[in-house]
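Since the model is a prediction, treat every value here as computed from it, not as a measurement.
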Amino acid sequence: MTKAAMPANLVPSGSTAIFTESTVPDALQREHRLAEGVWGVLQVLTGSIRFIDLESSHEENILAPNTITIRPGVPHRVAVEGSVEFKIEFFREPDSYS
């Protein structure tokens with residue numbers, strides 16, 4: 001999961017707010033998936049967060065200022081274990097008519 005390279009043709013499609021240990025949505029701490037064709041880049045700005053790939057059972061502690069790439073359709077969740085600030089940027093495949 002952490003070494004996944006995003007396709008070169010992706011276009012930005014949005015970003016979350018900056019979350020902290022107090023504001024991280026419960027939904028991110030439960031199993032969820034990105035939609036098909038949507039990639040995510042989790043950016044840890046301060047502190048650290050545990051990223052859990054539920055497909056492979058791989059867990060990784062991501063320390064600031066690092067990122068992790070999240071592939072479409074892969075079940076995953078995060079675990080907050082201390083002070084952290086992070087956000088997620090989303091990228092999608094370009095529309096076929098673009």
Is it true that L54 and L28 fall in one hydrophobic cluster, defined by side-chain heavy atoms closer than 4.5 Å? no
Same hydrophobic cluster for F19 and I52, using side-chain heavy-atom links shorter than 4.5 Å among ILVMFWY? no
Side-chain heavy atoms of [X] within contact of [Y], under 4.5 Å:
X	Y	answer
D53	V74	yes
H76	I70	yes
P7	W39	yes
P12	F90	no

side-chain contact (heavy atoms from CB on, under 4.5 Å) between L63 and V44, worked out: CA-CA 6 Å; L63 302 169; V44 181; over 6 Å; no
Could you give the distance from [atom1] ([X]) to [atom2] ([Y]), rounded to the nearest 0.5 Å?
X	Y	atom1	atom2	answer
F86	I49	CZ	CD1	4.0 Å
S48	N61	OG	CG	4.0 Å
L10	E93	CG	CD	6.5 Å
T67	F51	OG1	CZ	11.5 Å
I68	L42	CD1	CG	7.0 Å

Set of side chain to side chain contact (heavy atoms under 4.5 Å, CB included) partners for P65, sequence neighbours left out: none
If every non-hydrogen atom of [X] is compared with every non-hydrogen atom of [Y], which pair is closest and at what distance?
X	Y	value
P72	G37	CB-N, 3.7 Å
R33	E31	NH1-OE2, 3.4 Å
Q29	R77	O-CD, 3.5 Å
G40	I88	CA-CG2, 4.4 Å

Contacts satisfying side-chain hydrogen bond (donor to acceptor under 3.5 Å, both in side chains) that involve residues 8-24 (not counting sequence neighbours) are T20-T23
Should K87 and E85 be marked as a salt bridge (charged side-chain N to carboxylate O under 4.0 Å, His left out) after you check the CA-CA gap, both sets of side-chain angles, and the distance that decides it? CA-CA 7 Å; K87 68 178 182 174; E85 291 182 311; over 6 Å; no
With sequence neighbours left out, the residues meeting salt bridge (charged side-chain N to carboxylate O under 4.0 Å, His left out) with R50 are E59, E81
Step by step, would you call R71 with E36 a salt bridge (charged side-chain N to carboxylate O under 4.0 Å, His left out)? CA-CA 9 Å; R71 294 176 298 155; E36 288 304 317; over 6 Å; no
